[in-house]
There are 2 protein chains.
Amino acid sequence: MITIKDIAKEANVSAGTVDRVLHNRGGVSTETEEKIKKILKERNFKINLIASSLAMKKNHTLATLIPDFDQQNVFWKSPHSGIEKGSQEVKAYGIENHIFPFNQFDPNSYAKAFRELIKTSPDAVILVPIFLKETKTIIQTLNNKKIPYLFLNINLKGSDRLCYIGQKSFEAGILAGKLSNICTTEDDEILMVLTRKNLFNHVAIQDRVEGFLDFHQKSNSKTKIHKLQFNQPDEVFESREKINQFIEKYPKVKGVVVPSSRVSIVCEAIDKEKLADLRIIGFDTTPQNIDFLKRGDVTFLISQKSFNQGYKSIITITNFLVHKEIPNNEIPTPLEIITKENYMFSHSDERKYSIE
Amino acid sequence: MITIKDIAKEANVSAGTVDRVLHNRGGVSTETEEKIKKILKERNFKINLIASSLAMKKNHTLATLIPDFDQQNVFWKSPHSGIEKGSQEVKAYGIENHIFPFNQFDPNSYAKAFRELIKTSPDAVILVPIFLKETKTIIQTLNNKKIPYLFLNINLKGSDRLCYIGQKSFEAGILAGKLSNICTTEDDEILMVLTRKNLFNHVAIQDRVEGFLDFHQKSNSKTKIHKLQFNQPDEVFESREKINQFIEKYPKVKGVVVPSSRVSIVCEAIDKEKLADLRIIGFDTTPQNIDFLKRGDVTFLISQKSFNQGYKSIITITNFLVHKEIPNNEIPTPLEIITKENYMFSHSDERKYSIE
DNA sequence: TCTATGCGTGTGTACGCACACGAAATTTGA
DNA sequence: TCAAATTTCGTGTGCGTACACACGCATAGA
């Protein structure tokens with residue numbers, strides 16, 4: 001292992017000077033700088049991140065603006081857990097994260113949570129930019145204060161965020177198209193159930209829908225695609241009639257695709273005897289969805305690994321603050337295909353950090 | 001952040017004493033120990049791994065016994081890359097890994113590589129225990145020298161290895177069964193192609209076959225399953241006739257499952273016009289397999305994420321040596337389902353560390 | 001009775017490596 | 001020749017680890 005001292009000795013300077021060169025902190029004559037740089041290269045010197053982290057300990061604070069979760073809205077639990085895991089891991093780097101939860105259906109709650117957040121003057125911010133208008137104000141504030149921020153799960157264009165960590169929704173839709181195509185025949189028809197006019201996240205879900213339709217169009221399949229729209233997720237259950245009648249009316253429907261994370265509600269709504277005959281594809285591995293996967297009612301879930309997204313956000317921001325490492329502009333999470341047969345191998349990390 | 005000094009101050013002892021308690025190094029009176037332990041618990045003290053690693057720097061050496069790869073046998077490339085990434089990452093912990101490659105078809109090469117390996121007296125060993133008899137001798141040597149070791153990719157029973165990192169092959173077979181079931185109808189038939197009597201790894205592939213058959217049995221599907229056996233992988237290509245005739249003879253065959261990593265060879269063998277009509281399922285994301293996936297000839301690949309296996313081996317062994325962290329007895333890697341639509345999101349890490 | 005030896009317990013501190021700041025040394029300009 | 005500017009050095013810091021040593025007390029031998 002080559003250390004800074006080794007380099008210093010070879011260059012006949014002190015370790016401090018080498019450090020200045022390493023970090024471009026100036027105050028070194030061109031001559032010395034060249035000499036040191038040459039030796040660094042020759043010896044293939046790499047900073048010891050362990051020692052570096054220890055020395056850098058500067059007690060940064062992070063702040064995370066993310067929707068809250070509860071029994072009804074469990075989707076955001078996974079990113080919370082991932083963020084929790086990441087926070088634990090980077091504590092030793094002198095980094096502390098605070099979560100500012102808000103109500104995903106209420107722009108005011110979003111704005112309010114941010115006002116609380118900004119009071120703590122964090123060194124960097126992770127946010128889920130659900131509301132367009134409010135986000136613009138937020139970004140302006142962050143820019144003014146020169147606080148770097150990254151987007152988690154939702155990619156809003158036209159900001160100079162550090163990066164985006166999340167799923168490629170259009171591509172996820174394509175994948176859903178492919179899977180629905182595989183598990184049906186040409187004669188079958190497919191039903192797409194939109195669980196609501198989404199207040200938020202409509203962009204992501206719309207992208208999935210478009211990706212899905214894109215696949216079917218480009219693959220020249222003659223499979224007919226039906227759409228059924230509900231306005232509120234709860235209405236789905238209340239209007240069991242609607243969906244069951246629909247399926248009776250169109251007996252050729254063998255595939256069902258639910259582009260939101262609410263496939264479980266659709267499964268609940270459909271009569272048991274009808275379920276057996278359907279191939280159902282959904283998104284996101286919420287506990288409810290996993291339940292229906294286990295029972296065999298859901299055939300495929302496409303996971304965006306939101307636990308990993310949360311985790312990766314913390315790690316990315318930390319590397320940026322501590323090691324000045326500039327991340328890729330977009331960090332897409334894998335599109336994971338989950339079935340009854342492989343779900344148990346997919347979330348072992350998550351369970352450990354689950355917040356109950 | 002609570003430090004050892006904080007604890008020491010509160011307990012009116014020195015940091016050294018706290019350290020003795022933390023590591024059970026003895027030489028502390030029961031009274032003092034209890035007091036310190038109580039405070040540690042109260043304050044929820046966690047060792048700062050950064051500082052710990054820096055202080056522990058002990059320059060461990062690892063050794064890895066793993067099959068070599070080349071253009072023809074590319075399967076082992078991914079674990080090599082993963083090991084490479086891991087090695088880079090743990091260098092700062094004073095850990096150096098040496099790879100001892102061997103010919104996967106030659107037991108003598110395996111034994112010889114180990115003899116070279118043991119000369120370097122490593123502090124821990126990662127090995128792929130392909131050959132049963134030779135492995136027994138190896139294990140004996142390692143036990144005598146009290147060198148800890150873990151199994152990568154192949155799980156040999158009856159040894160006191162530190163842990164096994166790899167795929168659950170039986171479960172992978174079940175998954176293949178499910179996927180084949182999904183992409184065919186009840187009237188269709190399925191062909192399983194065994195590309196050879198495997199010299200090595202026959203246990204894993206046999207497990208896959210059994211898992212596959214198990215699924216079809218338990219699911220009460222009446223789908224007929226054919227088997228076609230070749231003795232050498234190359235023979236497949238030479239005997240194109242055999243497989244093509246088979247498919248002509250059994251026109252109901254719509255699904256093909258290849259439980260080895262050689263699905264690409266099978267694709268090469270089958271006539272183009274026949275391919276279009278088949279749903280092919282294979283294992284492992286070798287470049288050749290990915291090629292056929294991209295073309296649309298292969299429908300599903302089940303990946304055992306061997307890059308991650310290699311990476312995780314290094315990390316696990318490092319945590320064991322440096323932080324005395326005892327790993328789980330088995331660390332199963334996820335069963336990842338790869339299609340044309342999601343393969344590009346799955347291996348971004350791998351590309352960076354690929355060894356050309 | 002006094003030194004020697006031992007043991008159990010606990011302290012002090014050097015070390016690992018990079019970082020950053022104040023101080024020192026050297027060069028430059030007037 | 002002196003002050004200012006530039007370049008370089010020395011050292012304390014972050015935190016845990018582990019070794020040498022110190023202290024108090026007990027037992028043994030002279």
Side-chain angles (χ1 to χ4, degrees), chain A residues 1-37 39-40 43 45-60 90-96 318-319 321-325, chain B residues 1-37 39-40 43 45-60 90-96 318-319 321-325:
Chain A
M1 233 220 132
I2 300 125
T3 72
I4 284 189
K5 273 185 190 162
D6 298 332
I7 303 290
K9 200 184 287 172
E10 186 165 340
N12 282 319
V13 294
S14 81
T17 309
V18 177
D19 188 63
R20 281 156 168 270
V21 173
L22 281 171
H23 299 285
N24 292 312
R25 279 194 279 115
V28 183
S29 66
T30 327
E31 196 189 354
T32 316
E33 185 168 341
E34 288 310 314
K35 187 168 67 179
I36 292 174
K37 276 190 173 162
I39 296 173
L40 286 174
R43 297 281 128 126
F45 174 84
K46 292 268 155 59
I47 288 177
N48 180 337
L49 287 185
I50 306 289
S52 175
S53 306
L54 189 60
M56 291 280 276
K57 187 168 280 299
K58 250 210 218 121
N59 285 18
H60 295 284
V90 301
K91 227 180 222 166
Y93 292 83
I95 287 190
E96 194 143 8
T318 299
N319 281 334
L321 289 177
V322 178
H323 303 127
K324 278 143 203 159
E325 194 178 293
Chain B
M1 244 235 115
I2 300 125
T3 71
I4 282 190
K5 274 183 191 166
D6 298 331
I7 304 290
K9 201 184 287 170
E10 188 166 337
N12 283 317
V13 294
S14 79
T17 307
V18 177
D19 190 62
R20 280 154 172 265
V21 172
L22 281 171
H23 298 285
N24 291 312
R25 277 195 280 114
V28 183
S29 66
T30 327
E31 197 190 356
T32 317
E33 184 167 343
E34 287 311 312
K35 186 167 69 179
I36 293 175
K37 276 189 173 162
I39 297 173
L40 287 173
R43 299 280 127 132
F45 174 84
K46 291 268 156 59
I47 289 178
N48 180 337
L49 288 185
I50 306 290
S52 174
S53 307
L54 189 59
M56 292 277 277
K57 186 165 281 301
K58 251 209 215 119
N59 284 19
H60 296 284
V90 301
K91 227 183 221 165
Y93 292 83
I95 286 191
E96 193 143 9
T318 298
N319 281 335
L321 289 178
V322 178
H323 303 126
K324 280 145 202 158
E325 192 178 294

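Protein chains get the first letters and strands the later ones, always in sequence-line order, with residue 1 at the start of each.
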A.B. asks: Compare all side-chain heavy atoms of A:Val28 with those of A:Thr17 and state whether any distance is below 4.5 angstrom.
C.D. replies: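 Yes; the side chains approach each other to less than 4.5 Å.
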A.B. asks: On DNA chain D, which is the earliest and which the latest nucleotide, 5' to 3', with an atom closer than 4.0 Å to a heavy atom of chain A?
C.D. replies: D:dT7 to D:dC15
A.B. asks: Tell me, which pairs form a salt bridge (Lys or Arg N to Asp or Glu O under 4.0 Å) where one or both residues lie in residues 11-29 of chain A, sequence neighbours left out?
C.D. replies: A:Asp19-A:Arg25
A.B. asks: Is there side-chain contact between B:Ile39 and B:Ile36, with heavy atoms separated by less than 4.5 Å?
C.D. replies: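 Sidechains of B:Ile36 and B:Ile39: no contact.
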A.B. asks: Under 4.0 angstrom, heavy atoms only, what part of the nucleic acid is A:Phe45 near: base, sugar-phosphate, or nothing?
C.D. replies: sugar-phosphate
A.B. asks: Does the B:Ser53 side chain pair with the main chain of B:Leu49, one donor and one acceptor, at a distance under 3.5 Å?
C.D. replies: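 Yes: the side chain of B:Ser53 pairs with the backbone of B:Leu49.
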A.B. asks: Listed by chain and number, what are the salt bridge (charged side-chain N to carboxylate O under 4.0 Å, His left out) partners of A:Glu10, not counting sequence neighbours?
C.D. replies: A:Arg43
A.B. asks: Pick base, sugar-phosphate or nothing for A:Asn59, based on heavy-atom distances below 4.0 Å to the nucleic acid.
C.D. replies: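 Here A:Asn59 touches no strand at all.
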A.B. asks: Quick check on the helix from C:dT1-D:dA30 to C:dA30-D:dT1: what's the angle between its two end axes, five base pairs per end, to the nearest 10°?
C.D. replies: 80°
A.B. asks: Please figure out whether B:Leu49 or A:Thr30 has its closest DNA chain D nucleotide nearer the 5' end.
C.D. replies: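 First, find each residue's nearest nucleotide; the 5'-ward one identifies A:Thr30.
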A.B. asks: Taking the nucleotide of DNA chain C with the closest heavy atom to each, which residue, B:Ser29 or A:Ile2, is nearer the 5' end?
C.D. replies: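 Going by which nucleotide is closer to the 5' end, it is B:Ser29.
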A.B. asks: With heavy atoms of chain A within less than 4.0 Å as the criterion, where does contact along DNA chain C begin and end?
C.D. replies: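 Both ends considered, the range comes out as C:dC17 to C:dA20.
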A.B. asks: What nucleic acid atoms does B:Ser53 come within less than 4.0 Å of, heavy atoms only: base, sugar-phosphate, or nothing?
C.D. replies: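 Here B:Ser53 touches no strand at all.
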A.B. asks: Give a yes or no on whether the backbone of B:Ala92 and the side-chain of B:Lys57 come within a donor-acceptor separation of less than 3.5 Å.
C.D. replies: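 Answer holds: yes.
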A.B. asks: Could you grab the distance from atom CG of B:Asn48 to atom CD1 of B:Ile2, nearest 0.5 Å is fine?
C.D. replies: 11.5 Å
A.B. asks: Could you report the tightest heavy-atom contact between A:Ala8 and A:Ser14, atom names first, then the distance?
C.D. replies: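 Heavy atoms only, the tightest pair is CB-C, 3.6 Å.
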A.B. asks: Over all strands shown, is B:Asp19 touching base, sugar-phosphate only, or nothing at heavy-atom distances under 4.0 angstrom?
C.D. replies: base
A.B. asks: Taking side chain as C-beta onward, heavy atoms only, is B:Leu22 less than 4.5 Å from B:Leu40?
C.D. replies: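 The answer is yes; the side chains approach within 4.5 Å.
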A.B. asks: Any salt bridge (Lys or Arg N to Asp or Glu O under 4.0 Å) pairs touching residues 26-36 of chain A, not counting sequence neighbours?
C.D. replies: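 Sorted pair list: A:Glu33-A:Lys37.
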A.B. asks: Is there a side-chain contact (heavy atoms from CB on, under 4.5 Å) between A:Asp6 and A:Thr3 once you walk through the steps?
C.D. replies: CA-CA 5 Å; A:Asp6 298 332; A:Thr3 72; 3.4 Å; yes
A.B. asks: Base, sugar-phosphate, or nothing for A:Leu54, non-hydrogen atoms under 4.0 angstrom?
C.D. replies: base
A.B. asks: Taking any heavy-atom pair under 4.0 Å as a contact, classify B:Thr17: base, sugar-phosphate, or nothing.
C.D. replies: base
